[in-house]
Amino acid sequence: MSKADELIRLLVLGFDDRKWPDKVTAILQESLDWDYIIALAGLEGVNGLVYDRLKKNCLERFIPKSVFVRLESIYYTYSAQNTLIYEELARVAAALAEEGIPVIMLKGLFLASGIYKNIALRPMRDLDLLVKKEDVFSAVEILEKSGYKPIVPVKDQLENTFNYSVTLARKNVGINNFLTVDLHWHILNSSWLMGLSSKKCDMEPIWTGSETAVIAGIRMRVLSAEYLFISLAINAFTHCYERLILLVDFAEVLKEYKEKIDWRLVYEKAKTCYLENIISFTLDLVSKTASSGARPGGIFKRKYHYSRPVLMYVCTKKGLIEKCKAFFRIILVITRFLFKRLGHKNA
């Protein structure tokens, strides 16, 4: 691992190391390629965190002033962008609430303010909201009145058993005058993972167990600690842990809720959807990344490919028999998907 990689890891995940101050200070006094560090931190989604950790620990004296100014600029850019996103969220949430449509805040929307306690530390690009499947059409109609347009016909998305969300986009708002809203109806955010979950992943406990919280001044429902943990593990796994921020999210939630998480409920829910190994795998990876500096994604290259999470799903199974079962479930999903697509083409 290069000094640049180690510095980033220590700044965002290394606080449990007793020698953290000495290690960070020693690296900062070496000759570092700050252009590379800033670019890598941006790729990993942690530039805001890097700046915050350096400033809070009075480490800017070891950094060229021009570099610190660049990091500060990125930090405030994140803050401004996320402020616009939360302003739009308030507008969207109010419109949906007025029509009596229940909504749960997901992913970065909750994390930036609810977990990190500082919206500049967690970059966001869109609004991720959970709605009930029967409310999707109504929610889309409301969003269309606000200027959002579905990217793909909603009916096609709802009728496709391998879909879990619908995406709408609006111009002249938010970041770069363009913002998207993802309306999810399940916490599983992968079509192949949905197909693998042949046992029913019941959403009702998620809704009944949701809590009301005020996030960035907006009163909305949020996931319970257990389901937040599961949803983040699934999200990180589906994206093959390709960005460090996905593991930092997980680590920050663990710190926030370590005394509140009901691990029996976590594994009980995960097991009904064949996800228990994904939970264990993610926990292990967070621990290893924080302590030893193992790169997210392990043996896999950083470039994302749709086959990677499928391969990782098989790899996390313990024992040859379980791996074979997982492999055959994947084959069944692919077969179902092909027949579905062929059926649409012949219709």
Side-chain angles (χ1 to χ4, degrees), residues 1-17 19-90 107-127 173-179 215-218 242-253 255-256 289-290 293 296 302:
M1 173 181 287
S2 70
K3 291 297 181 181
D5 288 270
E6 186 178 1
L7 175 63
I8 291 172
R9 179 188 65 81
L10 283 170
L11 286 172
V12 302
L13 275 175
F15 286 112
D16 291 335
D17 189 335
K19 297 181 179 179
W20 184 87
D22 294 335
K23 288 183 177 180
V24 172
T25 302
I27 295 175
L28 287 174
Q29 294 184 73
E30 295 189 22
S31 178
L32 298 170
D33 184 345
W34 282 101
D35 288 335
Y36 171 77
I37 291 172
I38 292 174
L40 180 61
L43 184 65
E44 300 286 4
V46 295
N47 258 328
L49 278 166
V50 167
Y51 168 81
D52 184 68
R53 301 291 197 258
L54 290 170
K55 187 172 180 62
K56 281 185 175 178
N57 291 280
C58 302
L59 296 170
E60 62 266 34
R61 66 185 184 276
F62 298 111
I63 303 171
K65 186 175 180 180
S66 60
V67 170
F68 193 73
V69 168
R70 285 173 63 190
L71 287 168
E72 187 174 49
S73 176
I74 293 170
Y75 173 87
Y76 284 111
T77 297
Y78 282 171
S79 180
Q81 290 177 342
N82 286 354
T83 297
L84 290 174
I85 288 177
Y86 278 117
E87 287 176 354
E88 185 63 12
L89 171 64
K107 299 183 183 179
L109 288 174
F110 173 69
L111 294 170
S113 179
I115 299 298
Y116 288 91
K117 314 299 184 184
N118 181 344
I119 65 171
L121 302 185
R122 197 354 176 123
M124 295 186 290
R125 290 175 288 193
D126 49 27
L127 306 180
V173 68
I175 305 169
N176 299 321
N177 291 319
F178 185 83
L179 187 65
I215 305 298
I218 307 167
E242 62 179 349
R243 300 179 75 210
L244 190 57
I245 191 64
L246 298 174
L247 292 183
V248 178
D249 287 345
F250 210 75
E252 292 297 319
V253 168
K255 284 193 289 186
E256 180 74 15
T289 304
R302 290 184 55 82

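None of the values given here were measured: they were computed from a predicted structure.
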I'd like to check the salt bridge (charged side-chain N to carboxylate O under 4.0 Å, His left out) partners of [X]; sequence neighbours left out, ordered by chain and number.
X: D22; value: none
X: K56; value: D52
X: E256; value: K117
X: K255; value: E252

Side-chain ion pair, D249 and K107, N-O less than 4.0 Å: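 Salt bridge: no.
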Within this structure, what is the [atom1]-[atom2] distance for the pair [X] and [Y], rounded to the nearest 0.5 Å?
X: L179; Y: E88; atom1: CG; atom2: CD; answer: 6.0 Å
X: L40; Y: I8; atom1: CG; atom2: CD1; answer: 4.0 Å
X: I38; Y: D33; atom1: CD1; atom2: CG; answer: 9.5 Å
X: L109; Y: I215; atom1: CG; atom2: CD1; answer: 10.0 Å
X: Y36; Y: D5; atom1: OH; atom2: CG; answer: 4.0 Å
X: T25; Y: K19; atom1: OG1; atom2: NZ; answer: 14.0 Å

Apply side-chain contact (heavy atoms from CB on, under 4.5 Å) to Y116 and V248, showing your working. CA-CA 10 Å; Y116 288 91; V248 178; 3.4 Å; yes
Residues which pass ring-ring contact (aromatic ring centres under 6.0 Å, His included) with Y86, listed by chain and number, not counting sequence neighbours: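 So Y86 forms no ring-ring contact (aromatic ring centres under 6.0 Å, His included) with any residue.
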Indicate yes or no: at least one non-hydrogen side-chain atom of [X] is less than 4.5 angstrom from one of [Y].
X: L11; Y: L54; value: yes
X: Y78; Y: L49; value: no
X: W34; Y: I63; value: yes
X: L71; Y: V67; value: yes
X: L244; Y: L13; value: yes
X: I245; Y: V12; value: no

Sole residue of L84, I85, I119, L89 in side chain to side chain contact (heavy atoms under 4.5 Å, CB included) with M124: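 Answer to the side chain to side chain contact (heavy atoms under 4.5 Å, CB included) test with M124 among L84, I85, I119, L89: I85.
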Can a donor-acceptor pair be found, under 3.5 Å and without considering hydrogens, that links the side chain of N82 to the backbone of R122?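 Looks like yes, one N/O pair under 3.5 Å.
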Sequence neighbours excluded - side chain to side chain donor-acceptor pair (under 3.5 Å) pairs with any residue from residues 64-77: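 Those involving residues 64-77 are D35-R70, Y51-E72, Y75-N118.
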For the residue pair V50 and A41, what are the closest heavy atoms and their distance?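 V50 and A41 have their closest heavy atoms at CG2-CB, 4.2 Å.
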Nearest heavy-atom neighbours spanning A216 and S113: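 It is N-OG, 3.2 Å.
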